[in-house]
Amino acid sequence: MEKERIIFYSASDLAVYSIREDIKIFIDKFDHKKNYNDINDIIELYNIKLYIDCGNIEKFLRDTCNYSLSEINKTIWSKINLYFNNVSNDNIETIYSQINDFMYKEHFWELFEKCKLYNKISKDIFTNLFNKTEHKEAILQNRGIVQKYDKTLTELLKGYCKTAELLISNYEVHHDDTTRQLYFPKSLSLQEKDEIVSSYIDNNDCNINYVKIASIATDSINLKLSDVTKLKAKRKYNSEINRMHQNNEGIEISIKFQVVYSETQYLPKIFSEDDSSYTCSFSSLWIKRNCCIEQLFCNFKYLFDFIDDQGRINLVSQTSEMNLWDTFGLHSNKEFKSGYAFDIKNRLALMNIIAYTKILNDMKIRVEDVIYNVFNQFCSQITNLKVTLPILNDNLSKIRYIAPEIESILKKYKIYVEHGFIDLELVSISSSPYKIEEIPSKTKTKYIYADPRIESIMFSLFSNQGITKYCWEFGKKYSNLYHLLVNEEPFFNNLKDYEKKRFDELISNDYLHVDKNGILRIKDNLEISILYDLYQNNVISYWHLGKELRLKIDDMINNNRIYSTNTLFTVKETEFFNYFLNKSFSNGEDLRNKYMHGSHDYDEQTMICDYNRLLILFILVLYKIIDDLICYKFEEEAIENN
């Protein structure tokens, strides 16, 4: 029976802890004089060398070997070179067939390059090896091999049935491990790559996940799919999804959304949900009784939850709301990361605005007039910071009116913050496109973010995936360690030594401490509550907090645990607007450009949805400007009081 061999996966892999004893035994018994004739032995030597090179085993082997690790490393490499010096056209195919492990076959191609076998292995023999290699990535991960067999590889890849998957995976798909990239021959032109992907889409055996990525692929110097190919991919993907639904293939998750208005309901809003439906019931009676223009505008915040109490947009995609289903499948490295919760929130928002418009129309009130009057009244002291909204009837005309108006108001506000007034001549002369993330806040300190260096701290405290919550028998009652510590008094000394080590980072950095009674406690409840808000919402709006919390935040900034910015929009809000308005993401809606350039769908229902989506975005922009001016007032008052 073949012995289990040592395999190196990566420098950061934890496998070294489980196999360190095997590595130690191997090195202790390493014979400097032995000649190695088995390819599997040679590749195992190479794997040992990789562990030595990355420094992962030095602390385990100190003072246990007769030779230094550097000497062993040199000897290993000399034996590898000696073996490959004897590899030739005559024996390499036999040698390759003797490799037993998949990972070892990948390492064979690394050694093929490192030992420069491409200088003596013919194109015909290389072709045979290529055809015998099940996973072509093992070859394409080596730049030198690809360069040497450039034209040969070009022809081989044009004839390989999964080249399109390799191209899409390398240039379009998001990978957590960014260290392993594929190289493609320079002779393989952009047109040939496009033809390869196009032919792949025509194949009945194509993977629908890759077809989806191809449909939203973005242009680059390495891969540029034609519009015809993208359209073909889009149609193929939609066709396959429809077929799967008709045939009841796969797992179907069906959720029903309802927005209803009641003439008898007393409460303004009632939200209910079950396993398969979400229902928002609003009281039209309450809306009609509270119909002053300011209240009708505030309904977007307090009834429909577009904005939270800190002036943050609720409709953005939050990492804390992502679930396991959101991570399945292939994802483009340039796509907007939305998720199930994001889809639910924004579907409901769209349904809410459409239904609310109907209610207001029944009251002889245009929703556009509500927005127009409230914003212009609030900003009346700022000359030229006024909005206009369409009074047209057809949706296409309204869309073409409102999209530029969003850009206009943002450009004006940017100029107002930077210059203190809005010079209309400057607005008109400024033709350069603005970036949403570059629009400044009127305040010096607007948003607070966690420093990336404390991400592991926040994960340990607040994630429902943290294993620390299972250290006590009552741990499973709580969704995370933070909730456990708030509700219980866990005895730290009851833990086993290996369990205590999980808390080293939290204790050594003064987030937790063990009191005189041996109970694990939060060191500073105020600070942890701030971090919890950051974990849940990604950001905190500084001037919506009380003085005590702001002082604590100032202290945390000085300790480099968090940092501040002064932009109008948060990072997540910027992504949100770019997703719907621009072509910043491969799966973005691009509402602003598609109607400007006439590339839109003339379907009336689609245009109704698009107009109302733009109306939501417009409302959110106005809310953010109003909130920024309020925060600036808070800041001025705080400065005066100090």
Inset, instruction - Can you run down the salt bridge (Lys or Arg N to Asp or Glu O under 4.0 Å) pairs that involve residues 568-580, sequence neighbours left out, and say none if there aren't any? - result: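 Sorted result for residues 568-580: Glu573-Lys624.
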
Inset, instruction - May I ask you to decide whether Asp219 forms a salt bridge with Lys230, counting only side-chain N to carboxylate O separations under 4.0 Å? - result: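 Yes, charged N to carboxylate O under 4.0 Å.
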
Inset, instruction - Inspect the contact between Arg592 and Glu407 and indicate whether a charged nitrogen and a carboxylate oxygen are less than 4.0 angstrom apart. - result: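 A salt bridge is present here (some side-chain N lies under 4.0 Å from a carboxylate O).
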
Set of side-chain hydrogen bond (donor to acceptor under 3.5 Å, both in side chains) partners for [X], sequence neighbours left out:
{"X": "Gln258", "result": "Thr279"}
{"X": "Ser456", "result": "Glu505"}
{"X": "Asn352", "result": "none"}

Could you pull out all residues at least two apart from [X] that satisfy side chain to side chain contact (heavy atoms under 4.5 Å, CB included)?
{"X": "Leu50", "value": "Phe8, Tyr46, His107"}
{"X": "Lys337", "value": "Met322"}
{"X": "Thr154", "value": "Asp150, Lys158, Pro185, Ser187, Leu188, Glu192"}
{"X": "Lys105", "value": "Tyr96, Ile99"}

Identify each donor-acceptor pair in which a side-chain atom of residues 141-149 lies under 3.5 Å from a protein atom, sequence neighbours left out, and give them as a table.
residue, atom, partner, partner atom, Å
Gln141, OE1, Arg180, NH2, 2.5
Asn142, ND2, Ala138, O, 2.8
Tyr149, OH, Ile121, O, 2.8

Legend entry - Partner residues of Phe577 under the ring pair (Phe, Tyr, Trp, His ring centres under 6.0 Å) criterion, sequence neighbours left out: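 By the ring pair (Phe, Tyr, Trp, His ring centres under 6.0 Å) rule, Phe577 matches Phe569.
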
Legend entry - Partners meeting ring pair (Phe, Tyr, Trp, His ring centres under 6.0 Å) with Tyr171 (sequence neighbours left out):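 By the ring pair (Phe, Tyr, Trp, His ring centres under 6.0 Å) rule, Tyr171 matches Phe184.
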
Legend entry - salt bridge (Lys or Arg N to Asp or Glu O under 4.0 Å) partners of Asp451, counting only residues at least two apart: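 For Asp451 the salt bridge (Lys or Arg N to Asp or Glu O under 4.0 Å) partners, ignoring immediate neighbours, are Arg453.
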
Legend entry - Residues Asn346, Phe576; criterion side chain to side chain contact (heavy atoms under 4.5 Å, CB included); working and verdict: CA-CA 11 Å; Asn346 283 276; Phe576 174 84; 3.4 Å; yes

Legend entry - Rounded distance [0.5 Å steps], OH in Tyr535 versus CD in Glu455: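 Here the interatomic distance stands at 10.5 Å.
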
